[in-house]
Structure formats: C-alpha cells, structure tokens
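Down below is the structure, laid out as structure tokens.
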Amino acid sequence: MVKLASWNVNSIKARLPILRDWLESFAPDVVMLQELKCQTEAFPLLEVESLGYHAAVVGQKTYNGVAILSKAPIEDVIERLPGEPEDAQSRYVEGTTFGLRVGAIYLPNGNPVASEKFSYKLDWMAHLRDHAAALLGTEQPLVLGGDYNVIPEPEDCHDPKAWEGDALYRPETRAAFRRLLNLGYVDAFRALHNEPHAYTFWDYQRGAWQNDLGIRIDHLLLSPQAADRLTASGIDREPRGREKASDHTPIWCEVEQ
DNA sequence: ATGGTTGCCTCGCAA
C-alpha cells in the first residue's frame with residue numbers, strides 16, 4: 001500500500017512545526033506540497049530528510065513553490081510543466097517514486113477574472129491537459145495532485161451563488177477541469193465519496209473554518225492504471241483546526257502496490 | 001459594497 005497526500009501549506013517555514021507533527025502522525029509515503037513561499041535553497045531539506053523523506057523541490061521567493069516528498073527515492077524529476085518552459089512561476093514538479101509517476105500542481109488562482117491572470121490560468125490548464133494526455137500514453141500509474149484552484153461542482157462549496165463569477169468556479173474553469181477528467185482521470189476523493197460539502201480550504205476570514213464555510217479545490221487525479229489500485233481516499237481535517245494552521249488541509253489516497 | 005486574515009517582507013500584494 002502506498003499512502004499519498006497533497007497539502008497546500010501556505011509557507012513551508014510558517015508551517016514547519018505542524019508539517020513535522022503531521023508527517024510523523026499521518027505518515028504518508030508521498031506528499032505533494034504547494035505554496036512553499038521560499039526559494040529552493042531555503043527549503044528545510046535537512047529537517048525533512050531527518051524525518052525520513054527524499055524531496056524534489058521547485059521553490060520561488062515569496063510566492064508559489066511546490067515539492068514532492070517521498071520515503072523512497074524520486075527519479076526522473078522535471079521542474080516545469082511541459083508547454084510552460086519559460087513560466088517564471090514555480091507551479092509544477094513531477095517525478096517517479098514507488099513506481100508511480102507523481103505530479104505536484106499549484107494551479108493559478110486566476111482572480112480577478114477581468115485580468116490577464118484569468119487567461120494565464122486557462123492557458124495553464126490547457127497546457128496541463130496536453131501534458132496529462134501525453135502522460136496517459138505511457139500507461140503508467142499516474143497521480144496528479146495539488147491545489148487546482150477549481151471548485152468542480154456546486155456541492156463542492158457552501159453557497160454556489162457566492163462563488164459565481166469567481167475564477168475558481170467560472171464555467172470556463174470548471175469546463176477545463178472536466179476536460180482533464182474526460183481524458184480518463186479519476187478524482188480520488190469523488191470516486192469513493194458522494195457526500196456534498198467536503199472541503200479542503202477554508203478562508204482565514206469571516207470565521208470560515210468555525211462555520212465550515214469552505215470549498216473543495218485540492219484534488220488527486222489518478223490515471224486509469226492508478227485508479228484500478230485505489231483502495232481509500234479522504235480529507236484529513238485535523239491540521240486545519242490547529243494553531244497557526246494553513247488555510248488548506250491535507251487530502252490523501254491509498255493505492256495498492 | 002466593504003471588510004475581515006495570513007504570510008511574504010517592506011507597508012503593498014496575493015490568496
């Protein structure tokens with residue numbers, strides 16, 4: 001069994017105490033991290049290695065930044081989304097570990113919609129789709145996980161009306177996410193859970209966590225060969241309730257070896 | 001319609 005997780009930590013430095021506790025207690029084999037908000041050289045590599053993990057890190061000062069942690073070596077790492085070779089933003093890292101091809105994704109937020117940020121998001125999603133399609137051709141078990149900044153369906157938020165017009169819920173955004181699924185990828189959470197209002201992100205503001213006013217925007221997408229082996233999935237709400245929490249909480253799945 | 005919060009790092013920007 002391989003236990004994989006994804007977590008937008010909203011600053012690796014600010015989250016290090018919670019991350020350390022969670023790695024020890026939850027003990028995932030593979031973790032996809034987003035929003036490191038630090039340069040690659042500033043990543044706490046020794047700390048992570050002392051907890052028993054290898055790491056592939058693509059950092060950036062102040063913004064973005066992604067990593068894969070794994071209890072096994074990570075091979076054949078790529079640090080950019082193919083098709084976005086000159087992307088100045090660190091939003092993608094991919095490698096092979098435990099016999100799985102794993103991609104860690106921090107998809108652009110895209111707000112405000114009436115700006116170039118939204119077209120950047122849609123372009124990025126088109127490139128992700130192209131790459132995800134190419135990967136399927138390899139017939140490997142694939143896990144593309146991360147903060148997609150996409151609310152797939154109305155039941156993935158508390159109040160769809162409140163999200164109308166937002167880049168996370170725009171029809172173009174949801175269609176682009178469906179185009180990814182339509183290639184043959186499976187949402188590891190939705191494949192095994194049909195309950196609505198299961199969230200992965202709660203805003204720091206307006207008591208969103210206390211009132212469970214969240215959104216489900218972090219996803220683990222599995223290729224058919226990985227989905228065949230899916231045995232469990234879930235959302236670990238525990239870290240979101242802690243002091244100095246990230247605004248996201250970890251999602252996870254288990255696949256048979 | 002606005003503001004509320006966090007993290008960066010420098011007092012504004014992104015989320």
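So you know, we letter chains A, B, ... as the sequences are listed, proteins then strands, and number each from 1.
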Comparing nearest nucleotides in DNA chain B, the 5'-proximal residue of the pair Ala245(A), Phe201(A) is Ala245(A)
Atom NZ of Lys244(A) and atom P of dT6(B) are separated, to the nearest Å, by 9 Å
Atom pairs, protein N/O to nucleotides 9-11 of chain B N/O, distance under 3.5 Å:
from	atom 1	to	atom 2	distance (Å)
dC9(B)	OP1	Thr62(A)	OG1	3.3

Here the distance between atom P of dA15(B) and atom CD of Gln34(A), to the nearest Å, is 14 Å
Taken to the nearest whole Å, CD/Glu116(A) to P/dA14(B) is 9 Å
Excluding Ile151(A), membership of its hydrophobic cluster (Ile, Leu, Val, Met, Phe, Trp, Tyr; side-chain heavy atoms within less than 4.5 Å) reads Trp163(A), Leu168(A), Tyr169(A), Phe201(A), Ile215(A), Ile217(A)
Whole-Å distance, Leu107(A) CG to dA14(B) P, equals 17 Å
To the nearest angstrom, the CH2-C1' distance between Trp202(A) and dT6(B) comes to 17 Å
With Lys37(A) as partner, the option from Ile12(A), Asn10(A), Val9(A) fulfilling side-chain contact (heavy atoms from CB on, under 4.5 Å) is Asn10(A)
field: Rounded C1' spacing from dT6(B) to dC11(B) in Å
entry: 15 Å
Among the nucleotides dA15(B), dC8(B), dG4(B), whichever has the atom closest to the side chain of Ala14(A) is dC8(B)
Judged by nearest nucleotide, the residue sitting upstream toward the 5' end of DNA chain B, Glu35(A) or Arg206(A), is Arg206(A)
For Phe189(A), the ring pair (Phe, Tyr, Trp, His ring centres under 6.0 Å) test, sequence neighbours excluded, returns His193(A)
Separation of dA15(B) atom P from Phe118(A) atom CZ, nearest Å, is 14 Å
- Message: Can you check the distance between dG4(B) and dG12(B), where both ends of the measurement are the P atom (answer in whole Å)?
- Response: 16 Å
Of dT5(B), dG4(B), dA14(B), the nucleotide closest to the side chain of Lys117(A) is dA14(B)
Using a cut-off of 6.0 Å, state whether more than 12 heavy atoms not belonging to Asn194(A) lie near its atom CG.
no
Contacts of Asp247(A) meeting side chain to side chain donor-acceptor pair (under 3.5 Å) (sequence neighbours excluded), chain-then-number -> none
- Query: Can the positive tip of Lys71(A) be found less than 6.0 Å from the middle of the six-membered ring of Phe98(A), inside 45° of the ring normal?
  - Reply: no
Students should find that the hydrophobic cluster of Leu213(A), defined by side-chain heavy atoms under 4.5 Å apart, otherwise consists of none
From CG of Asn109(A) across to P of dA14(B) the rounded distance in Å is 10 Å
Practice prompt. Determine the Euclidean distance between corresponding P atoms of dC13(B) and dG3(B); express it in Å to zero decimal places.
Written response: 15 Å
Quick note, Tyr63(A) side chain, CB onward, closest among dC8(B), dA14(B), dG4(B) is dA14(B)
Here the salt bridge (charged side-chain N to carboxylate O under 4.0 Å, His left out) pairs for residues 186-196 of chain A, sequence neighbours left out, are Asp156(A)-Arg190(A), Asp187(A)-Arg216(A)
Residues 55-68 of chain A vs side-chain hydrogen bond (donor to acceptor under 3.5 Å, both in side chains), sequence neighbours excluded, gives Gln60(A)-Asn64(A), Asn64(A)-Arg91(A)
Within residues 156-172 of chain A, the residues having a heavy atom closer than 4.0 Å to DNA chain B are none
Query raised in the report: So what does Tyr106(A) touch, heavy atoms closer than 4.0 Å: a base, only the sugar-phosphate, or nothing?
Result: sugar-phosphate
Atom C1', compared across dC9(B) and dA15(B): separation rounded to whole Å: 16 Å
Compare side-chain N and O positions of Arg15(A) against OP1 and OP2 of dT6(B) and report whether any pair is under 4.0 Å apart.
no
Closest to the side chain of Gln205(A), out of dA14(B), dT5(B), dG7(B), is dT5(B)
Tabulate below the donor-acceptor pairs under 3.5 Å that side-chain atoms of residues 134-144 of chain A make, not counting sequence neighbours, or state none.
from	atom 1	to	atom 2	distance (Å)
Thr138(A)	OG1	Leu135(A)	O	2.6
Thr138(A)	OG1	Gln140(A)	N	3.4
Thr138(A)	OG1	Gln140(A)	NE2	2.9

Taken to the nearest whole Å, CD/Gln39(A) to P/dC8(B) is 13 Å
